[in-house]
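All values below come from the heavy atoms of this structure, side chains included, with hydrogens, waters and symmetry mates left out. This chain uses plain numbering: 1 for the first residue, then up along the sequence. Predicted model, so just to flag it, every value in this text is computed and none were measured.
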Amino acid sequence: ATRGDLLAAADAFERELEAWTLIGDEDRTAWAEANLAESLVRLGDPAGAADHQLRCLEYARASGLRVPCAFSMVVAARLLAERRRWHDALLLQGAADQLLRSQSFVLFATDIEERQALLNDASDALDHETVDRLMVEGTALDLNSAIEMTVNVLSGLSKEGAPDAGSSV
(Lines give C-alpha, C1' and ligand atoms only; values in the text may rest on other atoms or scores of the structure.)
Protein backbone atom coordinates (compact mmCIF):
# COMPACT_ATOMS: atom_id res chain seq x y z
CA ALA A 1 0.00 0.00 0.00
CA THR A 2 1.18 3.50 -0.76
CA ARG A 3 1.50 6.18 1.91
CA GLY A 4 -1.54 7.87 0.40
CA ASP A 5 -3.52 4.64 0.75
CA LEU A 6 -2.44 4.32 4.36
CA LEU A 7 -3.35 7.93 5.12
CA ALA A 8 -6.79 7.40 3.57
CA ALA A 9 -7.25 4.21 5.60
CA ALA A 10 -6.21 5.98 8.82
CA ASP A 11 -8.69 8.77 8.06
CA ALA A 12 -11.47 6.25 7.43
CA PHE A 13 -10.66 4.35 10.63
CA GLU A 14 -10.65 7.62 12.57
CA ARG A 15 -14.13 8.44 11.25
CA GLU A 16 -15.29 4.91 12.08
CA LEU A 17 -13.89 5.29 15.59
CA GLU A 18 -15.76 8.57 16.05
CA ALA A 19 -19.00 6.96 14.89
CA TRP A 20 -18.77 3.90 17.16
CA THR A 21 -17.74 6.08 20.09
CA LEU A 22 -20.72 8.38 19.47
CA ILE A 23 -23.09 5.41 19.25
CA GLY A 24 -21.57 3.91 22.39
CA ASP A 25 -20.79 0.46 20.95
CA GLU A 26 -17.69 -0.50 22.94
CA ASP A 27 -17.04 -3.76 21.08
CA ARG A 28 -16.90 -2.03 17.71
CA THR A 29 -15.01 0.88 19.24
CA ALA A 30 -12.33 -1.58 20.36
CA TRP A 31 -11.97 -2.91 16.81
CA ALA A 32 -11.91 0.60 15.34
CA GLU A 33 -9.13 1.54 17.79
CA ALA A 34 -7.21 -1.58 16.68
CA ASN A 35 -7.64 -0.77 12.98
CA LEU A 36 -6.49 2.81 13.50
CA ALA A 37 -3.51 1.58 15.52
CA GLU A 38 -2.52 -0.83 12.73
CA SER A 39 -2.63 1.93 10.14
CA LEU A 40 -0.50 4.17 12.39
CA VAL A 41 2.08 1.39 12.80
CA ARG A 42 2.34 1.19 9.01
CA LEU A 43 2.58 4.98 8.77
CA GLY A 44 5.52 5.01 11.17
CA ASP A 45 3.72 6.58 14.14
CA PRO A 46 4.55 4.15 16.96
CA ALA A 47 3.42 6.48 19.75
CA GLY A 48 0.03 7.06 18.12
CA ALA A 49 -0.29 3.36 17.37
CA ALA A 50 0.50 2.43 20.96
CA ASP A 51 -1.99 4.97 22.27
CA HIS A 52 -4.85 3.66 20.11
CA GLN A 53 -3.92 0.02 20.74
CA LEU A 54 -3.94 0.70 24.48
CA ARG A 55 -7.45 2.12 24.17
CA CYS A 56 -8.47 -0.94 22.17
CA LEU A 57 -7.13 -3.14 24.94
CA GLU A 58 -9.03 -1.20 27.59
CA TYR A 59 -12.33 -1.57 25.69
CA ALA A 60 -11.65 -5.22 24.87
CA ARG A 61 -10.70 -6.07 28.43
CA ALA A 62 -13.82 -4.40 29.81
CA SER A 63 -16.03 -6.22 27.29
CA GLY A 64 -14.32 -9.60 27.65
CA LEU A 65 -13.20 -9.61 24.00
CA ARG A 66 -10.17 -11.88 23.72
CA VAL A 67 -9.10 -11.45 20.09
CA PRO A 68 -8.57 -7.67 20.33
CA CYS A 69 -6.57 -8.33 23.51
CA ALA A 70 -4.37 -10.69 21.51
CA PHE A 71 -3.92 -8.14 18.74
CA SER A 72 -2.90 -5.59 21.35
CA MET A 73 -0.17 -8.03 22.38
CA VAL A 74 0.85 -8.45 18.74
CA VAL A 75 1.13 -4.70 18.17
CA ALA A 76 3.08 -4.28 21.40
CA ALA A 77 5.41 -7.10 20.32
CA ARG A 78 5.96 -5.49 16.91
CA LEU A 79 6.71 -2.11 18.44
CA LEU A 80 9.12 -3.70 20.91
CA ALA A 81 10.82 -5.60 18.07
CA GLU A 82 11.37 -2.30 16.25
CA ARG A 83 13.32 -1.26 19.35
CA ARG A 84 15.15 -4.58 19.48
CA ARG A 85 13.61 -5.37 22.85
CA TRP A 86 13.47 -9.05 21.99
CA HIS A 87 12.76 -10.57 25.39
CA ASP A 88 9.44 -8.82 25.93
CA ALA A 89 8.57 -8.86 22.22
CA LEU A 90 8.84 -12.64 22.10
CA LEU A 91 6.99 -13.15 25.38
CA LEU A 92 4.08 -11.05 24.12
CA GLN A 93 4.08 -12.71 20.70
CA GLY A 94 3.97 -16.11 22.37
CA ALA A 95 1.13 -14.99 24.65
CA ALA A 96 -0.77 -13.59 21.66
CA ASP A 97 -0.28 -16.80 19.69
CA GLN A 98 -1.69 -18.83 22.58
CA LEU A 99 -4.67 -16.51 23.06
CA LEU A 100 -5.48 -16.52 19.33
CA ARG A 101 -5.27 -20.33 19.26
CA SER A 102 -7.61 -20.55 22.26
CA GLN A 103 -10.12 -18.44 20.31
CA SER A 104 -9.68 -20.52 17.12
CA PHE A 105 -8.68 -17.33 15.34
CA VAL A 106 -6.65 -17.71 12.14
CA LEU A 107 -4.34 -14.87 11.20
CA PHE A 108 -4.54 -13.11 7.85
CA ALA A 109 -1.63 -13.64 5.44
CA THR A 110 -0.16 -10.20 6.18
CA ASP A 111 -0.29 -10.90 9.92
CA ILE A 112 1.45 -14.24 9.40
CA GLU A 113 4.17 -12.51 7.35
CA GLU A 114 4.71 -9.86 10.01
CA ARG A 115 4.85 -12.49 12.76
CA GLN A 116 7.41 -14.46 10.78
CA ALA A 117 9.48 -11.31 10.16
CA LEU A 118 9.52 -10.63 13.91
CA LEU A 119 10.70 -14.20 14.59
CA ASN A 120 13.31 -14.02 11.81
CA ASP A 121 14.65 -10.70 13.10
CA ALA A 122 14.75 -12.06 16.65
CA SER A 123 16.58 -15.17 15.42
CA ASP A 124 19.14 -12.94 13.71
CA ALA A 125 19.73 -11.08 16.98
CA LEU A 126 19.50 -14.05 19.35
CA ASP A 127 20.12 -17.75 19.02
CA HIS A 128 17.23 -19.97 17.93
CA GLU A 129 17.07 -21.74 21.29
CA THR A 130 16.52 -18.43 23.09
CA VAL A 131 13.81 -17.39 20.64
CA ASP A 132 12.05 -20.74 21.06
CA ARG A 133 12.36 -20.60 24.86
CA LEU A 134 10.92 -17.08 25.07
CA MET A 135 8.03 -17.96 22.76
CA VAL A 136 7.22 -20.98 24.94
CA GLU A 137 7.46 -18.84 28.08
CA GLY A 138 5.04 -16.41 26.43
CA THR A 139 2.52 -19.14 25.71
CA ALA A 140 2.65 -20.07 29.40
CA LEU A 141 1.82 -16.55 30.64
CA ASP A 142 -1.60 -16.34 32.24
CA LEU A 143 -3.98 -13.96 30.49
CA ASN A 144 -3.99 -11.29 33.20
CA SER A 145 -0.18 -11.19 33.35
CA ALA A 146 0.06 -10.93 29.57
CA ILE A 147 -2.53 -8.14 29.50
CA GLU A 148 -0.79 -6.23 32.30
CA MET A 149 2.52 -6.56 30.48
CA THR A 150 0.85 -5.28 27.31
CA VAL A 151 -0.69 -2.33 29.16
CA ASN A 152 2.72 -1.40 30.58
CA VAL A 153 4.44 -1.70 27.21
CA LEU A 154 1.81 0.26 25.28
CA SER A 155 1.63 2.94 27.99
CA GLY A 156 5.37 3.43 27.82
CA LEU A 157 5.53 3.36 24.03
CA SER A 158 2.67 5.84 23.68
CA LYS A 159 4.94 8.40 25.35
CA GLU A 160 7.95 7.66 23.13
CA GLY A 161 9.05 8.88 19.74
CA ALA A 162 10.99 6.97 17.11
CA PRO A 163 12.55 3.56 17.77
CA ASP A 164 16.06 3.42 19.21
CA ALA A 165 18.06 1.18 16.88
CA GLY A 166 20.84 0.85 19.44
CA SER A 167 18.93 -0.95 22.18
CA SER A 168 18.84 -4.70 22.57
CA VAL A 169 17.37 -7.53 24.66
Side-chain angles (χ1 to χ4, degrees), residues 17 20-21 25-41 46-160 163-164 167-169:
L17 175 59
W20 290 126
T21 302
D25 187 321
E26 292 188 359
D27 292 1
R28 288 191 173 95
T29 298
W31 282 109
E33 291 280 12
N35 289 335
L36 182 54
E38 177 67 28
S39 64
L40 293 174
V41 166
D51 184 54
H52 283 283
Q53 198 65 57
L54 180 59
R55 288 189 229 159
C56 166
L57 180 57
E58 290 167 353
Y59 282 116
R61 190 177 196 183
S63 298
L65 299 173
R66 298 296 186 234
V67 173
C69 289
F71 276 109
S72 295
M73 294 172 199
V74 168
V75 169
R78 284 174 52 196
L79 294 172
L80 287 169
E82 288 176 4
R83 286 153 181 76
R84 304 183 55 74
R85 291 171 50 190
W86 299 117
H87 180 271
D88 290 346
L90 292 167
L91 288 177
L92 285 177
Q93 185 63 58
D97 289 352
Q98 179 62 31
L99 185 52
L100 291 168
R101 268 193 304 276
S102 77
Q103 300 299 300
S104 300
F105 189 88
V106 179
L107 293 173
F108 296 109
T110 55
D111 296 320
I112 293 169
E113 290 168 10
E114 288 175 3
R115 178 189 179 279
Q116 192 57 52
L118 183 148
L119 294 177
N120 291 343
D121 291 347
S123 293
D124 289 344
L126 310 170
D127 60 83
H128 291 288
E129 293 78 23
T130 300
V131 171
D132 291 343
R133 178 181 54 79
L134 290 170
M135 289 292 290
V136 168
E137 286 178 21
T139 64
L141 284 175
D142 68 274
L143 180 58
N144 287 329
S145 296
I147 288 174
E148 283 308 312
M149 183 177 180
T150 305
V151 166
N152 292 333
V153 167
L154 292 173
S155 294
L157 292 175
S158 70
K159 298 173 183 120
E160 286 185 14
D164 177 6
S167 68
S168 62
V169 183

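No side-chain heavy atom of W86 sits less than 4.5 Å from a side-chain heavy atom of V131. Side-chain contact between V74 and E114 is absent, with no heavy atoms from C-beta onward closer than 4.5 Å. The side-chain heavy atoms of V67 and W31, taken from C-beta on, include a pair separated by under 4.5 Å. M149 places a side-chain heavy atom less than 4.5 Å from the side chain of D88. Put simply, the side chain of P46 does not reach to within 4.5 Å of the side chain of L157, judged on heavy atoms. Within the 4.5 Å cutoff, no side-chain heavy atoms of L141 are placed close to those of Q98. Counting only heavy atoms from C-beta outward, the side chains of L99 and F105 never approach each other to under 4.5 Å. E160 has its side chain out of reach of L79: every pair of non-hydrogen atoms, C-beta onward, lies at least 4.5 Å apart.
G94 approaches T139 most closely through the heavy-atom pair O-CG2, 3.4 Å. Scanning all heavy atoms of the two residues, the minimum distance from C69 to I147 falls at SG-CD1, 4.1 Å. Looking at every heavy atom in both residues, A30 comes nearest to A60 through CB-N, 4.1 Å.
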- Task: Could you walk me through whether N144 and E148 pass side chain to side chain donor-acceptor pair (under 3.5 Å), step by step?
- Result: CA-CA 6 Å; N144 287 329; E148 283 308 312; over 6 Å; no

- Query: After noting the C-alpha distance and the side-chain angles of D132 and E129, does the key distance pass the side-chain contact (heavy atoms from CB on, under 4.5 Å) rule?
  - Reply: CA-CA 5 Å; D132 291 343; E129 293 78 23; 5.8 Å; no

- Task: Run the numbers on D97 and R115 for side-chain contact (heavy atoms from CB on, under 4.5 Å), then give the verdict.
- Result: CA-CA 10 Å; D97 289 352; R115 178 189 179 279; 2.7 Å; yes

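Annotation: the span from Q93 atom CD to L100 atom CG amounts to 8.5 Å, rounded to 0.5 Å. Rounding to the nearest 0.5 Å gives a distance of 10.5 Å between CG of L126 and CG of D121. Atoms CD and CG, from Q116 and L107 in turn, are 11.5 Å apart once rounded to the nearest 0.5 Å.
Partners of T110 according to the side chain to side chain contact (heavy atoms under 4.5 Å, CB included) rule, which considers only residues two or more places apart in sequence or in another chain, are R42, F108.
Each of V75, L80, L134 was evaluated against L92; a single residue qualifies, L80, per the side chain to side chain contact (heavy atoms under 4.5 Å, CB included) test.
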Throw together a table of side-chain donor-acceptor distances under 3.5 angstrom for residues 52-59, partners on residues two or more places apart or in other chains.
| residue | atom | partner | partner atom | Å |
| --- | --- | --- | --- | --- |
| H52 | ND1 | E33 | OE1 | 2.6 |
| Q53 | NE2 | S72 | OG | 3.0 |
| R55 | NH2 | D51 | OD2 | 2.4 |

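Here the side chain of S155 pairs no donor or acceptor atom with the backbone of N152 at under 3.5 angstrom.
R78 has no carboxylate O lying under 4.0 Å from a charged side-chain N of E82, or vice versa, which leaves the two without a salt bridge.
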